[in-house]
Amino acid sequence: PSVVLVIGVNGVGKTTTIGKIATRMVSEGKKVLLVAGDTFRAAAADQLEIWAERSGASIVRQHEGADPASVVFDGIQSAKAKDVDVILIDTAGRLHNKQNLMNELNKISRIVDRELPGCSRETLLVLDGTTGQNGLIQAKTFKEIAGVTSIALTKLDGTAKGGIVIAVADELQIPVKFIGVGEKAEDLMPFEGMPFVDALLEEANDFSFNIIDDTNVTAEVIGYNGSATEITIPTTAKCSWDGRTYDIVRIAKQAFLNKSNLTKISMPYSIKLVGDMAFMGCSNLGFITVPSSVESIGSYAFAGCSSMT
């Protein structure tokens with residue numbers, strides 16, 4: 001059988017994604033086995049068992065707190081006996097102790113290598129599409145400790161556009177395989193690049209830009225005219241008169257002045273400077289992601305953002 005090791009922090013929709021993948025594969029006529037390797041999170045195996053019943057896949061699980069590698073070993077033996085086509089392995093998602101997580105994943109990998117030498121293997125990282133720059137940090141960490149080969153981007157059914165996937169693909173060169181746009185099994189879809197880019201550009205059309213430097217092809221955001229309450233500032237903008245694509249590196253002075261409809265803003269990794277009074281008066285703005293790439297924040301940039309904690 002082929003093996004898919006599914007990794008990601010708690011809360012990103014990892015177990016749900018496994019269930020949806022299982023549903024898709026079973027509908028294609030494949031025999032699928034789920035392995036409940038997340039033995040640390042309460043009810044993780046119970047949640048996976050529900051998805052096994054829904055999808056028609058089989059499942060191997062042990063008691064809470066069991067050794068994950070032992071569960072994986074039992075799963076592989078069961079898969080061999082049942083002539084399973086695909087093994088989907090759920091894993092713990094605790095990043096607070098990177099060394100322990102690395103040790104656990106390495107132990108699981110050794111079991112797979114020993115019991116299924118030469119099998120087709122994939123390490124699928126599940127990312128929450130709403131997490132902004134945190135998603136990039138997670139992807140870097142998991143690539144370092146687990147050798148990620150593909151990504152599933154979840155929770156794109158709300159206002160999140162998932163622009164973080166561009167940063168991950170660009171910086172880490174990891175392909176996106178699936179996107180999740182809802183709670184139903186059929187809401188996990190194969191990723192298609194052009195429709196995804198079109199969705200990002202649709203949001204970008206709500207922003208106004210100003211060219212900073214023709215030579216270096218850079219621009220700044222000078223305003224927002226959309227009605228969304230949660231927005232992701234785009235990384236690039238295409239100029240209508242010269243056809244070139246400009247990198248967005250700056251939030252202009254007073255760009256979002258008094259935009260009281262905004263509650264959440266994600267800034268891209270391309271932003272280097274936030275201008276004076278850029279977000280002044282955004283009274284309902286409760287959350288804003290400011291990436292480490294920002295080198296300077298102007299005076300009173302967040303004055304009057306009374307809802308921020």
Side-chain angles (χ1 to χ4, degrees), residues 1-10 12-94 100-126 142-143 145-152 154 174-175 177-178 180 185-186 188 190:
S2 60
V3 175
V4 182
L5 185 66
V6 185
I7 61 177
V9 300
N10 292 334
V12 297
K14 183 159 39 71
T15 305
T16 300
T17 298
I18 292 172
K20 292 176 179 178
I21 293 173
T23 301
R24 173 178 288 272
M25 288 182 168
V26 170
S27 70
E28 294 171 350
K30 294 184 175 71
K31 293 183 69 175
V32 179
L33 174 70
L34 309 185
V35 176
D38 183 356
T39 60
F40 299 96
R41 182 169 64 87
D46 293 339
Q47 184 185 358
L48 199 66
E49 186 153 14
I50 291 170
W51 273 108
E53 293 173 1
R54 288 179 185 172
S55 64
S58 52
I59 184 171
V60 168
R61 58 175 294 184
Q62 290 185 17
H63 59 86
E64 189 175 323
D67 178 14
S70 172
V71 184
V72 171
F73 177 83
D74 287 351
I76 291 174
Q77 303 315 309
S78 177
K80 289 178 178 178
K82 295 178 180 178
D83 197 25
V84 162
D85 297 308
V86 183
I87 304 171
L88 298 174
I89 304 174
D90 194 9
T91 61
R94 305 167 304 152
N100 280 358
L101 182 58
M102 186 187 302
N103 290 341
E104 287 170 13
L105 294 176
N106 284 340
K107 192 174 178 182
I108 290 171
S109 291
R110 289 196 299 271
I111 294 290
V112 174
D113 287 340
R114 188 187 72 202
E115 300 300 320
L116 294 171
C119 73
S120 172
R121 286 184 57 178
E122 181 177 354
T123 302
L124 178 71
L125 172 65
V126 181
F142 275 108
K143 184 180 182 183
I145 67 178
V148 178
T149 58
S150 59
I151 290 173
T154 66
I174 302 172
K177 189 166 186 177
F178 296 107
E186 61 269 23
L188 184 75

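For the atom pair NZ (K20) and CG (L88), the distance works out to 14.5 Å, reported to the nearest 0.5 Å. With values rounded to the nearest 0.5 angstrom, F178 atom CZ is found 7.0 Å from L124 atom CG. Distance check: I89 CD1 to I111 CD1 gives 10.0 Å after rounding to the nearest 0.5 Å. Note that OG1 of T149 is 9.0 Å distant from CG of L5, once rounded to the nearest 0.5 Å. Going from atom CD1 of I7 over to atom CG of L125 covers 5.0 Å, rounded to the nearest 0.5 Å. Taken to the nearest 0.5 Å, the CG atom of N10 stands 8.5 Å off from the OG1 atom of T15.
A salt bridge links E122 with K177: the distance from a Lys NZ or Arg NE/NH1/NH2 to an Asp or Glu carboxylate oxygen falls below 4.0 Å.
Every residue two or more places apart in sequence or in another chain that forms a side chain to side chain contact (heavy atoms under 4.5 Å, CB included) with E49 is listed here: E53, I59, R61. Qualifying side chain to side chain contact (heavy atoms under 4.5 Å, CB included) partners for K30, counting only residues two or more places apart in sequence or in other chains: M25, E28, V32, D85, V86. With sequence neighbours left out, the side chain to side chain donor-acceptor pair (under 3.5 Å) criterion links K31 to no other residue. Legend: residues meeting side chain to side chain contact (heavy atoms under 4.5 Å, CB included) with A92, ordered by chain and number and at least two apart, are D38, F40, R94, E104. Residues satisfying the side chain to side chain contact (heavy atoms under 4.5 Å, CB included) test with S27, not counting sequence neighbours, are none.
V26 approaches A57 most closely through the heavy-atom pair CG2-N, 4.2 Å. In terms of heavy-atom proximity, V126 sits nearest to V12 at O-CG2, 3.5 Å. The minimum heavy-atom distance linking L105 with A146 is given by the pair CD1-CB, 3.8 Å. Across all non-hydrogen atoms, the minimal contact from V3 to C119 is CG2-SG, 4.0 Å. Taking both residues in full, the closest heavy atoms of S55 and G19 are given as CB-O, 4.3 Å, listed atom of the first, atom of the second, then distance.
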_Between D113 and R121, does the side chain to side chain contact (heavy atoms under 4.5 Å, CB included) criterion hold? Intermediate values first, please._
CA-CA 10 Å; D113 287 340; R121 286 184 57 178; 2.7 Å; yes
*Check the pair T23 / W51 against side chain to side chain contact (heavy atoms under 4.5 Å, CB included), numbers first and verdict last.*
CA-CA 8 Å; T23 301; W51 273 108; 4.1 Å; yes
*asked:* Set out, in order, the CA-CA distance, both residues' side-chain angles and the distance that settles side chain to side chain contact (heavy atoms under 4.5 Å, CB included) for Q47 and R41, then state yes or no.
replied: CA-CA 11 Å; Q47 184 185 358; R41 182 169 64 87; 3.2 Å; yes
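Residues T91 and P68 fail the side-chain proximity criterion, which asks for heavy atoms closer than 4.5 Å. The shortest distance between side-chain heavy atoms of I21 and L188 falls below 4.5 Å. Under the 4.5 Å side-chain criterion, counting only non-hydrogen atoms from C-beta, T17 is not in contact with V6. Residues L33 and V60 are in side-chain contact: their nearest non-hydrogen atoms beyond the backbone lie under 4.5 Å apart.
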If you look only at distance, which donor and acceptor atoms sit under 3.5 Å apart when one is on a side chain in residues 71-83 and the other is two or more places apart or in another chain?
{"from": "D74", "atom 1": "OD2", "to": "Q62", "atom 2": "NE2", "distance (Å)": "2.7"}
{"from": "Q77", "atom 1": "NE2", "to": "E115", "atom 2": "OE1", "distance (Å)": "3.1"}
{"from": "K80", "atom 1": "NZ", "to": "E115", "atom 2": "O", "distance (Å)": "2.9"}

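Panel note: side chain T39, backbone A66; a donor-acceptor pair is recorded below 3.5 Å.
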